[in-house]
Amino acid sequence: MTAPMTHDEIRDLLAAEAAGVLDPAERAALTAHLEGCAECVDELRVLNDTASLLAYSAPVAELGTDASARMRARLVARAAADRAPVAAAFPALLVNAMATEPESVIPITRARRGGWGGWLAAAASLLLLLGIGTYAGRLRARVAELESATAALRSERGRLQGRVAENERTMASLSGPDVRVVTLAGGRTAPNGRMFWDPPTGRWTFFAHNLPAVRPGREYQLWLVTADHKISAGTFRPGPRGDAMVQAEYKLDPAALQAIAVTEEPAGGLPEPSGDIVLVGATAGG
Amino acid sequence: MAAGDESALGELYDRWHPLLYSLVLSIVRDARDAEEVLEDALWQAWRQAASFNPSRGGVGSWLTSIARSRALDRVRARRRARDEVSLDEPEGAPTLASAQPGPADDTEAADVRVRVQDALALLPREQRDTMQMAYFGGLSQSEIATATGQPLGTVKTRMRLAMQKLRDTLAVLREEAP
């Protein structure tokens with residue numbers, strides 16, 4: 001039987017937990033320990049908040065104004081509809097309210113004083129109220145379903161419109177009058193690639209073929225090489241046949257680009273190239 | 001929001017979507033996927049608002065954790081689908097590893113970005129790489145060990161030291177964070 005982990009051993013796990021990479025067995029041990037250790041709970045909270053700040057090191061990206069407004073509207077509409085199922089319990093709420101609110105009690109109280117006619121009227125009123133309540137509840141639930149379906153359809157329409165617009169941008173970035181083409185070739189193997197760069201829009205579209213499969217935990221990284229910097233244009237993995245396409249947006253002085261290169265790096269990429277060059281191509285002026 | 005007020009979700013969106021979108025896009029590297037993941041993550045936050053536990057971290061910590069987790073799930077699902085279908089599907093649209101503030105970056109966020117970048121720059125490169133592979137790549141410590149050819153113990157030590165240094169360097173930012 002494995003001995004339980006000590007407090008110090010558990011503390012060593014907190015950093016990995018905050019970074020979200022703790023192995024399941026270790027997480028189970030940590031979770032059990034946290035039940036009775038306020039010190040480790042506090043430390044994990046601090047490390048969680050620290051790790052969350054890493055999000056600020058992500059490259060800044062902007063969701064388009066229209067797309068952002070649509071997403072916000074969808075979320076708020078879905079949230080409003082999400083509250084509607086509460087209305088499905090309306091009849092029960094109504095009955096409870098009648099039992100507690102003085103105004104609702106009045107018909108029944110009057111019925112006790114008024115004989116059979118009053119009883120029947122009260123019973124009819126109660127049935128009517130329950131019937132209306134049931135109907136209203138069903139109606140509201142149905143409205144909620146329709147709102148949810150509408151939100152889903154809007155979401156799908158937005159997604160499809162986004163794809164169409166993306167395809168149009170891709171076509172423009174391949175066929176525009178100012179598009180430049182850089183051809184890349186490999187070394188001993190036979191991979192090859194071609195970069196289409198549209199300087200006015202800053203759109204880069206890269207195609208590669210015959211790339212060897214990357215090792216586990218590694219990816220290819222695409223670089224825009226200038227005299228002073230090697231700018232990452234993202235990481236990628238080729239498909240089973242060694243083909244890949246990468247798109248990126250980055251404004252660069254047309255005279256600054258000297259070469260395009262692809263290296264193999266750890267998954268997620270690195271700030272500077274460190275691996276072997278798999279593909280490289282110099283610009284006409286580079 | 002825990003009380004179910006949908007306007008709170010709108011406010012949450014306004015406050016956090018620029019950061020969360022940048023985070024998600026840097027992981028999934030495809031604009032369409034990033035939009036879907038961001039929306040899913042915010043919806044999940046709305047549905048699970050009652051489970052938010054301040055003793056485990058602030059709102060930012062909670063939201064980035066949800067968004068990062070959903071983004072990594074999307075990347076893994078995409079890889080599984082590609083492997084199963086065996087088609088040469090193109091990869092998505094990676095963003096550039098530029099830390100330049102963009103139009104969506106308000107002054108406060110831009111200031112935080114600079115300070116986080118500075119804190120990362122202070123780390124030894126191997127510690128910084130380990131952190132970034134874990135946080136943005138979603139690699140476990142064992143996978144990082146395989147990818148870098150380093151012993152697992154070394155990877156764990158790098159991770160721990162990196163987090164401790166960032167913890168100290170970013171103490172002020174952390175206290176200011178919501």
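Just the heavy atoms: all of them, side chains too, but no hydrogens, waters or symmetry mates, feed the values below.
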Partner chain A: residue of B:R128, B:Q164, B:R125 with the largest heavy-atom pair count (under 4.5 Å): B:R125
With a cut-off of 6.0 Å (strictly less than), are more than 12 heavy atoms of other residues, nucleotides or ligands near CG of A:D276? no
Given side chain to side chain contact (heavy atoms under 4.5 Å, CB included), test B:H17 with A:M71 step by step and report yes or no. CA-CA 10 Å; B:H17 89 268; A:M71 186 186 297; over 6 Å; no
Against chain B, label A:A51 side chain, backbone, both or neither, depending on which of its atoms sit under 4.5 Å from a heavy atom there. both
Which atoms of A:E26 are under 4.5 Å from chain B, going by heavy atoms: the side chain, the backbone, both sets, or neither? side chain
Taking B:A119, B:G57, B:P54 one by one, which has the highest count of heavy-atom pairs under 4.5 Å against chain A? B:G57
Give, for atom CZ of A:F236 and atom CZ of B:R29, the distance between the pair rounded to the nearest 0.5 Å. 11.0 Å
Side chain, backbone, both or neither of A:S68 within contact of chain B (heavy atoms, under 4.5 Å): both
CG of A:L13 to NZ of B:K156, rounded to nearest 0.5 Å, is 7.0 Å
Please flag which part of A:E272 lies under 4.5 Å from any non-hydrogen atom of chain B: side chain, backbone, both or neither. both
Between the CG atom in B:N53 and the CZ atom in A:R45, the distance rounded to the nearest 0.5 Å is 10.5 Å
Portion of B:S140 that has a non-hydrogen atom of chain A nearer than 4.5 angstrom: both
Applying a strict 4.5 Å limit to non-hydrogen atoms, the region of A:D12 in contact with chain B is both
Side chain, backbone, both or neither: which part of B:L139 has a non-hydrogen atom closer than 4.5 Å to chain A? both
Starting at CG of A:L53, measure out to CG of B:L19 and round the result to the nearest 0.5 Å. 9.0 Å
Which atom names give the shortest non-hydrogen contact between B:R68 and A:A19, and what distance separates them? NH2-O, 2.9 Å
Using a 4.5 angstrom heavy-atom cutoff, name the option from A:R74, A:R218, A:R215 with the most pairs to chain B. A:R74
What part of B:R56 gets closer than 4.5 Å to chain A, counting heavy atoms only: side chain, backbone, both or neither? both
Please classify the contact between B:S142 and chain A as side chain, backbone, both or neither, with a heavy-atom cut-off of under 4.5 Å. side chain
For B:A134 and A:V21, the nearest pair of non-hydrogen atoms, with its separation, is CB-CG1, 3.5 Å
Heavy-atom distances under 4.5 Å only: say whether A:E17 touches chain B with side chain, backbone, both or neither. neither
Please classify the contact between A:L34 and chain B as side chain, backbone, both or neither, with a heavy-atom cut-off of under 4.5 Å. side chain
Checking B:E143 against chain A: side chain, backbone, both or neither under 4.5 Å from a heavy atom? neither
With a 4.5 angstrom heavy-atom cut-off, which part of B:S22 approaches chain A: side chain, backbone, both or neither? both
Tell me if the CZ atom of A:R194 is crowded by more than 12 foreign heavy atoms within 6.0 Å. no
Under 3.5 Å, side chain of B:S61 to main-chain N/O of A:S52, donor-acceptor pair present? no
Shortest non-hydrogen separation from A:A58 to B:R113 and the atoms involved: O-NH1, 3.4 Å
Under the criterion side chain to side chain contact (heavy atoms under 4.5 Å, CB included), I'd like the reasoning laid out for B:E39 against A:R78: C-alpha separation, chi angles, the key distance, then a yes or no. CA-CA 11 Å; B:E39 189 164 339; A:R78 280 180 76 186; 4.3 Å; yes
Partner chain B: residue of A:G217, A:A55, A:G268 with the largest heavy-atom pair count (under 4.5 Å): A:A55
For residues A:L75 and B:L9, report the shortest heavy-atom separation together with the two atoms involved. O-CD2, 3.5 Å
Is it the side chain or the backbone of A:R72 that comes within 4.5 Å of chain B heavy atoms, both, or neither? both
For the atom pair CG (A:L63) and CG (B:L38), what is the distance rounded to the nearest 0.5 Å? 6.5 Å
Considering all heavy atoms, the nearest A:A267-B:M133 contact: O-CG, 3.8 Å
Does the pair A:L54 and B:L23 meet the rule for a side chain to side chain contact (heavy atoms under 4.5 Å, CB included), with working shown? CA-CA 9 Å; A:L54 290 174; B:L23 169 64; over 6 Å; no
Interatomic distance, CG@B:L120 vs OH@A:Y56, rounded to 0.5 Å, equals 14.0 Å
If you look at every heavy atom in B:M159 and A:A15, which pair is closest and at what distance? O-CB, 4.1 Å
